[in-house]
Structures are given as structure tokens and as C-alpha cells.
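Data first, discussion second: the structure below is written as C-alpha cells.
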Amino acid sequence: MSKYTKEDIIRIIDEEDVEFIRLQFVDIFGNLKNVAITASQLEKALNNQIMFDGSSIEGFVRIEESDMYLYPDLDTLAIFPWRPQQGKVARLICDVYRPNGIPFEGDPRYVLKRAIAEAAKLGYTFMVGPECEFFLFHTDENMLPTTITYEKAGYFDMGPNDFGENARRDMVLNLEELGFEIEASHHECAPAQHEIDFKYGEALKTADDIMTFKLTVKTIARRHGLHASFMPKPKFGEAGSGMHINMSLMKDGRNIFADENNALGLSKEAYFFIGGIMKHIKGMTAITNPIVNSYKRLVPGYEAPVYIAWSGINRSPLIRIPASRGNGTRVELRCADPAANPYLALAVCLRAGLDGIVNHIEPPKSVDRNIYEMTEAERKMLGIGSLPDTLTEAVAEMEADPFIADVLGEHVFQKYTEAKREEWNRYRSQVTEWEINEYLNKI
């Protein structure tokens with residue numbers, strides 16, 4: 001049931017002296033877009049009458065079928081705390097519809113809604129808690145981003161070693177004003193790397209919150225003269241940024257992943273959910289790790305998972321089970337990074353896990369040793385596979401798993417794979433500084 005009615009929205013906008021409303025939506029690559037209107041156009045927007053040119057959005061539609069409409073989700077109303085107090089700015093997150101009133105199949109929010117509906121048929125509510133990491137870098141004289149930082153701080157360091165402490169505090173305060181419940185914030189392991197964790201919630205709200213989180217972090221960083229980057233691996237020789245996804249399923253108010261009679265405290269549904277993700281993870285990787293740079297993070301030695309295994313006690317596998325039990329029981333997928341489109345990433349995670357539950361897909365035995373310290377022969381003997389090494393390999397795995405195409409729908413699947421192949425081709429045609437240094441003087 002909706003939290004707000006149209007009348008509530010109109011009243012709040014008037015009482016709060018909001019002058020501009022940003023009607024936000026997301027393209028298939030996870031880029032936040034918006035159409036801005038003044039308060040005088042609010043009623044028109046609430047009647048789903050604001051139109052935009054879908055052919056101008058990469059991955060949407062052709063020019064001959066370009067008219068699209070924005071349908072605001074009333075419960076996503078938020079007033080930006082960093083904007084002026086007179087003539088405030090608010091936002092509404094929107095679904096994208098065709099002129100005939102049918103949801104646009106290329107809208108990532110619609111893809112996640114379809115997956116959520118599949119879970120609802122089984123009586124499940126998908127709960128998600130993300131862990132978003134990012135870097136704070138200096139900008140140049142034109143306020144353009146660099147990868148320069150002068151700090152040397154590491155895990156859980158504080159000021160004065162942590163140069164980003166003040167910016168991170170302001171981010172937390174602004175997020176709380178937007179309604180986030182911030183559970184923790186801290187410096188991460190690499191210099192200038194940070195993490196802010198917010199409370200888990202239902203999947204659609206969490207995906208919306210991830211987009212709002214990234215916007216807030218980038219906005220507040222800029223106010224501090226910094227650039228916040230969610231690029232997975234911006235610095236050679238340092239750990240990259242992940243977006244661990246903590247997942248559980250609720251049914252009749254109970255976390256169905258919990259079973260106190262099991263040795264690990266996990267239910268059969270939890271095991272099947274793990275089995276489903278492990279079955280489809282290679283095909284999912286182009287979604288959870290969507291850019292060329294994602295695969296610079298997925299290498300041994302920097303804490304990011306490389307090997308397809310799970311464990312209840314150690315952090316080297318792809319999937320781990322955090323220590324919390326009872327209603328806190330959850331499955332943590334550790335490969336995803338913050339470049340991922342959260343709507344698509346959560347959709348493939350949910351549907352893969354449901355496939356495991358519906359078809360009783362048993363996961364392999366848990367691996368409770370440090371996989372990075374195993375030899376290749378040991379990993380082979382245990383049947384431990386690897387994630388794709390590159391974006392092009394990930395796209396090939398995605399195309400080889402018809403299940404992923406079914407989750408995304410034909411439109412998103414086709415547009416996404418085409419774009420990622422082209423991204424790889426642009427990358428592989430480049431001559432890098434490493435190649436010049438390695439070969440120019442030798443050959």
C-alpha cells in the first residue's frame with residue numbers, strides 16, 4: 001500500500017516551498033537520468049503526462065518509436081537536503097511507460113519488478129542490504145576528477161590520517177536527512193577508500209536507495225572539493241571497490257533462510273538459493289561486474305572473490321554466510337561492484353536464487369580454507385571454478401545461459417550484450433602505457 005497519495009505529494013510540495021521536482025529514471029547501464037519540472041507542472045506529472053525522448057537514452061528505443069512517459073512512484077518523494085531552503089528541490093523516481101500505457105520492457109526498474117513478482121508468487125519478499133565502497137580523489141583546477149590522493153590511511157583509520165573523514169560525515173548526515181538508516185561508516189583498506197553501510201530493505205527500495213546513495217555521495221564530495229568514484233579499480237596495486245550484496249527471503253514475517261536445527265543455522269531454502277546463484281553466476285557476472293575495469297578488481301590478492309565457492313566461515317569464496325543468525329541470517333554475494341545497475345543486479349540474483357529453490361539445486365560442499373592459498377591442482381580436485389577473466393568472457397557466458405536472457409527480457413538482453421561487446425572492442429583497440437613500457441624498447 002502506498003505511503004503517499006497524489007494529494008499528499010501536492011500538499012508536501014506546497015508546504016515545503018519546493019520549486020523544482022526532478023523526475024528520475026535509470027538507463028540499462030545504471031546511469032541516473034532526470035527530467036526537471038517546476039512545481040506548476042506537478043499535477044501533470046502526477047497524472048503520468050510528462051513525456052521524454054526515449055531515443056536519446058542509450059539502450060532504450062529507436063527514433064521512430066521515441067515517445068516515452070514517466071510514471072512517478074509516489075513513495076519515492078524526497079527533498080534534497082543540500083539544495084537551497086527557499087525554492088527547494090525534490091525528486092520522484094519514475095517507471096518508464098510506452099504511450100499505450102504498457103510498461104517499457106527496457107526499464108531496469110520494470111525488470112526488477114518482474115523478478116519481485118516471481119518471488120511474490122511463491123510467498124517471498126526479497127530483502128537486500130548492500131555494502132557500497134568508493135574512493136575520494138582530488139580534482140584538478142577545472143574541478144575535473146583525478147586519481148590523486150595524498151593520504152595513506154587504511155582499514156578503520158581516523159582523522160587526521162583519514163583525509164576524507166569530514167566529507168564522509170557530511171554524506172552520512174545528508175543521507176539520514178533523506179531517510180536512510182546508516183548502520184556504519186568507515187575508511188576502507190586502500191588509501192582514500194571509504195564505505196558507508198545502510199540498513200537492508202525490500203529489493204525495489206534498496207535499488208532506489210543505491211541510486212540515491214551514489215548521487216548523494218558524489219554531490220557532497222564535490223562540495224568538499226573532492227571527486228567520489230565508484231569505479232571498481234581506479235588504482236593499480238590497491239584494492240578495488242566492491243558492492244557486496246546481502247540477501248534473504250521473508251515469508252509470513254519470518255526469515256526463511258534460518259534453521260536453528262542445521263549445523264550452520266541455514267534452511268534448505270538457503271542452501272538451494274546458494275545453489276541457484278552458483279549455477280548461474282558465470283552468466284550473471286556481466287551484470288554484477290559490468291565494465292572492462294570490473295575485471296581488474298577480480299584478481300587474486302586483493303580480497304575480491306575470483307573462485308566460485310561458498311563458505312560459512314571465511315571471506316575468500318564468492319559467497320559467504322555472515323555470522324548473524326535468526327532473522328539476521330543472510331547470503332552475501334561478494335563479487336558485485338558499484339558500477340553495476342542495481343535493478344538488474346538484484347533481479348538476476350533473485351531469479352537465480354529462486355531457480356535454486358524451485359528446482360532444488362544443491363550447492364557443492366562449503367570450502368572453509370583460504371582458496372587463494374590453494375594450488376591450482378587442489379582447486380581442480382575440489383571442482384572450484386573461476387569467474388570470467390574479462391568483460392568479453394563474461395558476455396559470452398551471459399549469452400550461453402538462456403536463463404539470464406529470460407530474467408532481463410529480450411530488449412534489455414540484446415541492447416546490453418551489444419553495448420558490452422562494443423565496449424570491449426573499444427578497449428582492446430587501445431594501446432596502453434603498460435604496452436609501451438613493456439615492448440617499445442624490446443622489440
Side-chain angles (χ1 to χ4, degrees), residues 1-10 12-13 18-78 89-118 120 203-205 207-208 211-212 215 287 341-348 351 404-420 422:
M1 188 172 178
S2 293
K3 181 170 62 174
Y4 295 125
T5 64
K6 289 181 185 179
E7 292 73 23
D8 291 332
I9 300 292
I10 292 169
I12 292 168
I13 293 300
V18 173
E19 184 57 41
F20 290 94
I21 301 100
R22 297 187 179 275
L23 304 177
Q24 297 179 340
F25 61 101
V26 178
D27 70 15
I28 66 172
F29 309 111
N31 300 307
L32 189 62
K33 306 288 186 178
N34 87 156
V35 173
I37 62 169
T38 60
S40 66
Q41 300 299 303
L42 177 60
E43 197 161 343
K44 184 179 176 182
L46 296 178
N47 289 327
N48 307 324
Q49 295 173 344
I50 299 295
M51 188 171 66
F52 73 99
D53 177 9
S55 68
S56 298
I57 307 299
E58 188 179 2
F60 268 30
V61 291
R62 300 168 298 176
I63 196 166
E64 61 267 27
E65 52 180 6
S66 58
D67 289 347
M68 294 280 166
Y69 285 84
L70 295 173
Y71 283 38
D73 182 335
L74 304 188
D75 288 347
T76 64
L77 176 69
V89 179
R91 75 93 202 272
L92 287 162
I93 296 175
C94 301
D95 296 306
V96 181
Y97 276 70
R98 291 187 178 275
N100 59 5
I102 295 174
F104 173 48
E105 65 276 17
D107 177 8
R109 212 165 182 262
Y110 175 64
V111 173
L112 178 55
K113 282 185 167 184
R114 277 206 324 261
I116 291 169
E118 290 296 313
L204 185 65
K205 183 179 185 304
D208 290 340
M211 298 306 303
T212 302
L215 174 65
I287 299 294
N341 181 325
Y343 301 97
L344 301 185
L346 298 190
V348 294
R351 286 287 304 279
I404 306 300
D406 181 63
V407 174
L408 300 179
E410 183 180 351
H411 179 97
V412 172
F413 183 81
Q414 180 186 339
K415 296 289 187 182
Y416 193 91
T417 52
E418 285 175 0
K420 292 304 167 182
E422 209 235 315

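Note that these values count all heavy atoms, side chains included, but never hydrogens, waters or copies made by symmetry.
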Taking Asp107 for the side chain and Val96 for the main chain, is one N or O donor matched with an acceptor at less than 3.5 Å?
yes
Beyond-backbone contact of Arg109 with Asp73, side-chain heavy atoms, under 4.5 angstrom:
yes
Taking every heavy atom of Arg114 against every heavy atom of Val407, the minimum-distance pair comes out as NH2-O, 2.9 Å
Results of ring-ring contact (aromatic ring centres under 6.0 Å, His included) for Tyr69 - residues two or more places apart only
none
Under a 4.5 Å cut-off applied to non-hydrogen side-chain atoms, are Thr38 and Phe20 in contact?
yes
Measure the shortest side-chain to side-chain distance between Val18 and Ile12 over non-hydrogen atoms and say whether it is less than 4.5 angstrom.
no
The side chain to side chain contact (heavy atoms under 4.5 Å, CB included) partner of Cys94 among Leu70, Asn48, Asn34, Thr76 is Leu70
Ignoring hydrogens, what is the shortest heavy-atom contact between Ala347 and Val111? Give both atom names and the distance.
CB-CG1, 3.9 Å
Is it true that Glu105 and Arg98 have a side-chain N and a carboxylate O under 4.0 angstrom from each other?
yes
Between the side chain of Asp8 and the main-chain N/O of Thr5, is any donor-acceptor distance below 3.5 Å?
yes
Who are the salt bridge (Lys or Arg N to Asp or Glu O under 4.0 Å) partners of Glu7, not counting sequence neighbours?
none
Any donor-acceptor pair under 3.5 Å from Asn341 side chain to Ile287 backbone:
no
Below 30° counts as parallel, above 60° as perpendicular, anything between as tilted: where do the rings of His411 and Phe104 land?
perpendicular
Can you give me the closest heavy-atom contact between Leu74 and Ile9, atom names plus distance?
O-CD1, 3.6 Å
